[in-house]
Amino acid sequence: MTTSAICGCSWASDFDSSTYSNTEVIKNSQLWQYNLGYDPIIYARPGSTNLKIYIQVQQAIEKGFDNCLVFLTSPTRINISWTQSGGWNLESKFIWGESEVVNENAPKQTREYIAKYYNEDLETLNSFVIAEAIYWKLKHTGKPFYIFTNYFTDYIHKDWKIFSQKEVIQDGPYRLAGLRENEGHNSPNHLSLIGQDRAKDLVLSYIN
């Protein structure tokens with residue numbers, strides 16, 4: 001069976017976000033395990049920044065794969081490095097670093113940081129650089145891969161030629177977010193069961 005590494009945030013993950021914890025390891029994805037023609041190995045995790053997704057790609061390369069699908073997230077999701085969790089360090093290979101979304105629901109500590117230091121343009125630039133690094137890292141493996149801009153689509157700038165490469169697809173499950181029919185406990189990734197099927201069809205339409 002051909003194996004495919006799947007990297008991204010919750011839109012590509014196999015978790016029910018209501019029960020998610022960083023310690024879980026799940027090999028079989030509800031979203032991707034059917035009709036893709038290969039065995040998915042899921043590195044995607046809810047809440048991942050583009051930097052976390054870069055780390056997932058590195059993990060996937062180290063463990064090996066036949067092909068790789070990467071689903072980028074919004075560059076406004078930031079990496080939290082001031083906590084005492086120890087996640088952002090070389091010893092852990094940065095696997096468990098914490099992240100936050102920039103909005104009014106962020107914790108007080110995050111909102112204080114945003115008020116003092118956050119610069120959306122700089123975070124977007126960082127994500128452009130990370131996306132380029134992901135592309136070249138995968139290109140050097142010689143294995144087939146696709147990068148779906150997904151949540152990143154609205155931030156793409158014409159000066160970044162990396163997004164015009166044939167392996168980079170300016171689309172992704174995020175645009176199907178409105179499909180909430182039959183949404184319930186078995187609907188990870190913010191998609192209903194119908195939405196999940198359409199997300200799979202969307203991906204298949206590009207990779208087949």
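Counting from 1, the numbers follow the sequence of the chain as shown. Predicted model, so just to flag it, every value in this text is computed and none were measured.
In terms of heavy atoms, Cys7 sits closest to Ala12 at O-CB, 4.3 Å. Closest of all the heavy-atom pairs between Gln170 and Thr153 is C-OG1, 4.4 Å. When all heavy atoms are compared, the tightest approach of Cys9 to Arg77 is CB-NH1, 3.5 Å. Closest heavy-atom contact between Asn67 and Ser4: OD1-OG, 2.5 Å. The shortest heavy-atom contact between Ile6 and Pro40 is CD1-CB, 3.8 Å. In plain terms, the two heavy atoms of Glu123 and Pro75 that are nearest each other are CB-O, 3.4 Å.
With hydrogens and angles ignored, the 3.5 Å screen pairs a side-chain donor or acceptor of Ser13 with a backbone N or O of Ser10.
Residues that satisfy the ring-ring contact (aromatic ring centres under 6.0 Å, His included) test with Phe128, not counting sequence neighbours, are Phe152, Trp160, Phe163. With sequence neighbours left out, the side-chain contact (heavy atoms from CB on, under 4.5 Å) criterion links Asp121 to Asn119. In this structure, the side-chain contact (heavy atoms from CB on, under 4.5 Å) partners of Lys108, at least two apart in sequence or on a different chain, are Arg111, Glu112. The side-chain hydrogen bond (donor to acceptor under 3.5 Å, both in side chains) test applied to Thr3 returns Asp66, not counting sequence neighbours. The side-chain hydrogen bond (donor to acceptor under 3.5 Å, both in side chains) search around Glu104 returns none, not counting sequence neighbours. Applying the side-chain contact (heavy atoms from CB on, under 4.5 Å) criterion to Asn150, with sequence neighbours excluded, gives Trp11, Phe71, Pro173, Tyr174. With sequence neighbours excluded, no residue forms a side-chain hydrogen bond (donor to acceptor under 3.5 Å, both in side chains) with Asn126. Residues satisfying the side-chain contact (heavy atoms from CB on, under 4.5 Å) criterion with Glu62, sequence neighbours excluded, are Gln58, Lys93. By the ring-ring contact (aromatic ring centres under 6.0 Å, His included) test, Tyr135 is found to be paired with Phe145, residues two or more places apart in sequence or in another chain being considered. Residues satisfying the ring-ring contact (aromatic ring centres under 6.0 Å, His included) criterion with Tyr54, sequence neighbours excluded, are absent altogether. Remark: Lys139 engages Glu167 in a salt bridge (charged side-chain N to carboxylate O under 4.0 Å, His left out) (not counting sequence neighbours). Not counting sequence neighbours, the partners of Thr76 by the side-chain hydrogen bond (donor to acceptor under 3.5 Å, both in side chains) test are Ser74.
Distance CD1/Ile130 to NZ/Lys52: 12.5 Å, rounded to 0.5 Å. Of the inter-residue distances, the one linking Thr149 atom OG1 with Asp154 atom CG reads 9.0 Å to the nearest 0.5 angstrom. The CG atom of Asn105 sits 11.5 Å away from the OG1 atom of Thr110 when rounded to the nearest 0.5 Å. Taking OH of Tyr151 as the start and OG of Ser127 as the end, the distance is 12.5 Å to the nearest 0.5 Å. Atom-to-atom distance recorded for Tyr43:OH and Cys68:SG is 8.5 Å, nearest 0.5 angstrom. Atom-to-atom distance recorded for Ile41:CD1 and Lys63:NZ is 8.5 Å, nearest 0.5 angstrom.
Residues Asn50 and Thr73 have side chains that never bring a donor and an acceptor to within less than 3.5 angstrom of each other.
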Could you check Phe148 against Val203 for side-chain contact (heavy atoms from CB on, under 4.5 Å), going step by step and ending with a plain yes or no?
-> CA-CA 9 Å; Phe148 290 78; Val203 173; 4.0 Å; yes

When you look at Ile53 and Gln56, which way does the side-chain contact (heavy atoms from CB on, under 4.5 Å) test go after all the steps?
-> CA-CA 5 Å; Ile53 293 169; Gln56 294 168 13; 4.2 Å; yes

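Contact of the Phe94 side chain with the Leu51 side chain is not registered, since no non-hydrogen atoms from C-beta on lie closer than 4.5 Å. Within the 4.5 Å cutoff, the side chain of Ile80 has no heavy atoms near those of the Tyr113 side chain.
Tyr118 is not connected to Val101 by any chain of hydrophobic side-chain contacts under 4.5 Å among Ile, Leu, Val, Met, Phe, Trp and Tyr, and they are in different clusters. Hydrophobic clustering (ILVMFWY, side-chain heavy atoms < 4.5 Å, transitive): Leu72 and Leu122 are in one cluster.
Put simply, the residue from Val57, Thr2, Leu138 that forms a side-chain contact (heavy atoms from CB on, under 4.5 Å) with Phe65 is Leu138.
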